[in-house]
Amino acid sequence: MTLDRRNFIKLLGGASSLALAACAGTGGGLSGPTGGRRVVVVGGGYGGTIAAKYIRMMDSSIEVVLIERNDHFVSCPFSNLYIGGLMKDLSPLTIKYDKLTTNHGVKVLQAEVTGIDAAKKIVMTSSGEVTYDRLVLSPGIDFRTEEIKGYDAKSTPETIPHAWKAGPQTVLLRKQLEAMPAGGTVVLSIPLAPFRCPPGPYERTSMIAMFLKQHKPKSKIIVLDANPDIVSKAGLFKKGWKKHYEGIIDYRPAKKVTEVNAGKKMVTIEGIEDVKGDVINLIPPQRAGHIAVAAGLVGADKNWCPVNPTTFESTIHKGIHVIGDACVAGAMPKSGYSANSEAKACATNIVNTMNGKELVDFSGINTCYSFLSAKEAVEVTGVYKVDKAKNAIIAVPGSVGVSPDLSEIEAIYAESWLKNILTEMST
């Protein structure tokens, strides 16, 4: 399937941060909305910013409070390009929240969420309590590091980075690649799916291989994939690796890392095979962000949050909606653009519910680009809807497709995609 560029562009959609303190309520938080109705959004990434913005755009009488621990957001999509040396720094991937306040009246609270009382409809934060009528969680992912013997959640990433949350970890991995000797070995470990950004580890493999080819002669990257094959765009990745990185990438499927020794820079596969590297990029298995787990929003698998596929309201706690990587969204992959689509649908039906209007059927799109080299990229795209008989999100038949080949044009489209989506999130 070849994507219709005109329709794709249509589908993309289109002063200082407000400090919230010393208000009535425990700990100087927000005890009640000034306008009578309040939606609290937790998480200022691909999903949370869009949910907050669109609720205000659709009904400015609803007060929206966006709670985020950081004063900025760094995009995971495209961070592999920084690791591969195609970006000087992370500034092209970084946005602030001030214009959400200036342009839309979203109140931004920079604080750590410490708990949620679903019965009383209260979010507890490091700055006090915030009450809500509806709560939207877009907490991203955290890691199931307890499944990897020898992995200490605090110290291990300082030596063996995951770089699966963009920011300091991304910078650390690039510095390690720059410092490694020529002729050295990089080990990249990929967990079993599902995980954030299905093509992401394979794009990272490409970018690291590109860096080694250009800057570290006779070096190689060993890819230990717990999955039986490449999870997304397999044919295109294999073609790109053969074209550009023959002899540099050593791809090993069905190799699940179960142990790590940071001091020896070594990982162990299923307790029987040790693999050492000069640089190790271990991506742990994943689950919903910690606050979703702590609030009891994960399902029987104890990893991901089941939701109503039309409203994204939790099936466990009413009045709480979960979007983005943390939720179970059927056939939709865990990606930045999926989060964008889910946020818009969620916002629409929250506003409709609060105003006594009918719900709107879910319709979403995902588009994901992956770079294979400095100038070539590939794409996967799909359109999604709710199958009411299955009560689940499915791909519209015939809508999911990938690029026909490696393409320099796709790389140009990818750069435009990033610019458009980050602009939408921050203005």
Side-chain angles (χ1 to χ4, degrees), residues 10-11 13-14 18 20 23 25 29-44 46-68 97 99-109 116-123 129-138 295 297 305-324 326-327 329 332 338-365 384-386 388 391 393 424-425 427:
K10 288 180 181 179
L11 285 165
L18 179 64
L20 302 175
C23 297
L30 296 174
S31 61
T34 57
R37 299 185 299 170
R38 175 188 289 156
V39 175
V40 171
V41 180
V42 175
Y46 275 96
T49 54
I50 293 299
K53 174 180 176 177
Y54 273 73
I55 291 170
R56 287 289 298 174
M57 287 174 64
M58 288 184 281
D59 188 342
S60 60
S61 72
I62 298 174
E63 182 183 15
V64 176
V65 179
L66 174 64
I67 306 176
E68 166 58 45
Y97 304 110
K99 290 184 180 178
L100 290 178
T101 297
T102 303
N103 296 343
H104 305 287
V106 175
K107 297 180 178 179
V108 180
L109 173 60
I116 295 170
D117 188 327
K120 295 181 179 179
K121 293 188 174 183
I122 296 173
V123 178
E129 296 181 350
V130 185
T131 60
Y132 65 85
D133 295 291
R134 290 271 167 176
L135 173 62
V136 180
L137 287 186
S138 188
L297 293 165
C305 303
V307 295
N308 178 297
T310 297
T311 63
F312 291 87
E313 185 174 16
S314 168
T315 59
I316 297 173
H317 288 307
K318 297 302 180 184
I320 301 178
H321 304 253
V322 186
I323 57 176
C327 77
M332 290 195 83
S338 289
N340 179 289
S341 290
E342 293 160 15
K344 290 171 181 174
C346 178
T348 298
N349 281 322
I350 284 177
V351 171
N352 285 352
T353 297
M354 295 179 79
N355 288 308
K357 296 181 179 180
E358 291 185 6
L359 299 178
V360 175
D361 289 341
F362 174 76
S363 178
I365 187 170
Y384 301 87
K385 68 176 183 178
V386 174
K388 294 185 178 180
N391 194 35
I393 296 173
E424 184 183 29
M425 291 166 62
T427 60

Visitor: With rounding to the nearest 0.5 Å, note down the distance linking OG1 in Thr348 to CZ in Phe362.
Guide: 10.5 Å

Visitor: Can you name the closest pair of heavy atoms from Val322 and Ala326 and give their distance?
Guide: CG1-CB, 3.9 Å

Visitor: Mark yes or no for whether Asp133, through its side chain, and Val39, through its backbone, hold a donor-acceptor pair below 3.5 Å.
Guide: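 It does not hold such a pair.
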
Visitor: Check step by step if side chain to side chain contact (heavy atoms under 4.5 Å, CB included) holds for Glu129 and Asp117.
Guide: CA-CA 10 Å; Glu129 296 181 350; Asp117 188 327; over 6 Å; no

Visitor: With side chain to side chain contact (heavy atoms under 4.5 Å, CB included) as the test, would you mind laying out the steps for His317 and Leu297 before giving the verdict?
Guide: CA-CA 7 Å; His317 288 307; Leu297 293 165; 3.6 Å; yes

Visitor: Run the numbers on Ile50 and Met425 for side chain to side chain contact (heavy atoms under 4.5 Å, CB included), then give the verdict.
Guide: CA-CA 6 Å; Ile50 293 299; Met425 291 166 62; 4.1 Å; yes

Visitor: In Å, rounded to the nearest 0.5 Å, how long is the span from CD1 of Ile67 to CG of Leu135?
Guide: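 Between atom CD1 of Ile67 and atom CG of Leu135 there are 8.0 Å.
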
Visitor: So, does Arg38 use its side chain to make a donor-acceptor pair with the main chain of Thr131 at under 3.5 Å?
Guide: yes

Visitor: Do any pairs count as a salt bridge (Lys or Arg N to Asp or Glu O under 4.0 Å) and have a residue in residues 315-324, sequence neighbours left out, and if so which ones?
Guide: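 Residue pairs passing salt bridge (Lys or Arg N to Asp or Glu O under 4.0 Å), neighbours aside: none found.
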
Visitor: For Glu313 and Gly319, work out which heavy atoms get closest and say how close.
Guide: OE2-N, 2.6 Å

Visitor: Quick one: closest heavy-atom pair of Thr311 and Leu359, and the distance?
Guide: CG2-CD1, 3.7 Å

Visitor: How many angstroms lie between OG1 in Thr49 and CD in Glu68, if you round to the nearest 0.5 Å?
Guide: 10.0 Å

Visitor: Are Lys344 and Glu424 within salt-bridge range, i.e. N to O under 4.0 Å?
Guide: yes

Visitor: Minimum heavy-atom separation for Ile393 to Ala329, with atom names?
Guide: CB-O, 3.5 Å

Visitor: Do Asn103 and Arg56 get their side chains close enough for a donor-acceptor pair, meaning under 3.5 Å?
Guide: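 No donor-acceptor contact under 3.5 Å links the two side chains.
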
Visitor: Between atom CD1 of Ile62 and atom CE of Met354, what is the distance when rounded to the nearest 0.5 Å?
Guide: 4.5 Å

Visitor: Look up atom OG1 in Thr315 and atom CG in Asn391, then write down how far apart they are to the nearest 0.5 Å.
Guide: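 The OG1 atom of Thr315 sits 9.5 Å away from the CG atom of Asn391.
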
Visitor: Check side chain to side chain contact (heavy atoms under 4.5 Å, CB included) between Lys121 and all other residues, then give those that pass, not counting sequence neighbours.
Guide: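 With neighbours one apart ignored, the set is Tyr132.
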
Visitor: I need the minimum non-hydrogen distance between Gly48 and Ile323, along with the two atoms involved.
Guide: N-CD1, 4.3 Å

Visitor: Which value, rounded to the nearest 0.5 Å, describes the distance between Leu137 atom CG and Cys327 atom SG?
Guide: 11.0 Å

Visitor: For a quick test of reading the model, state the closest non-hydrogen atom pair linking Gly47 to Ser138 and the distance between them.
Guide: CA-OG, 3.6 Å

Visitor: Just jot down the side chain to side chain contact (heavy atoms under 4.5 Å, CB included) partners of Met57, sequence neighbours excluded, or say none.
Guide: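 Lys53, Tyr54, His104.
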
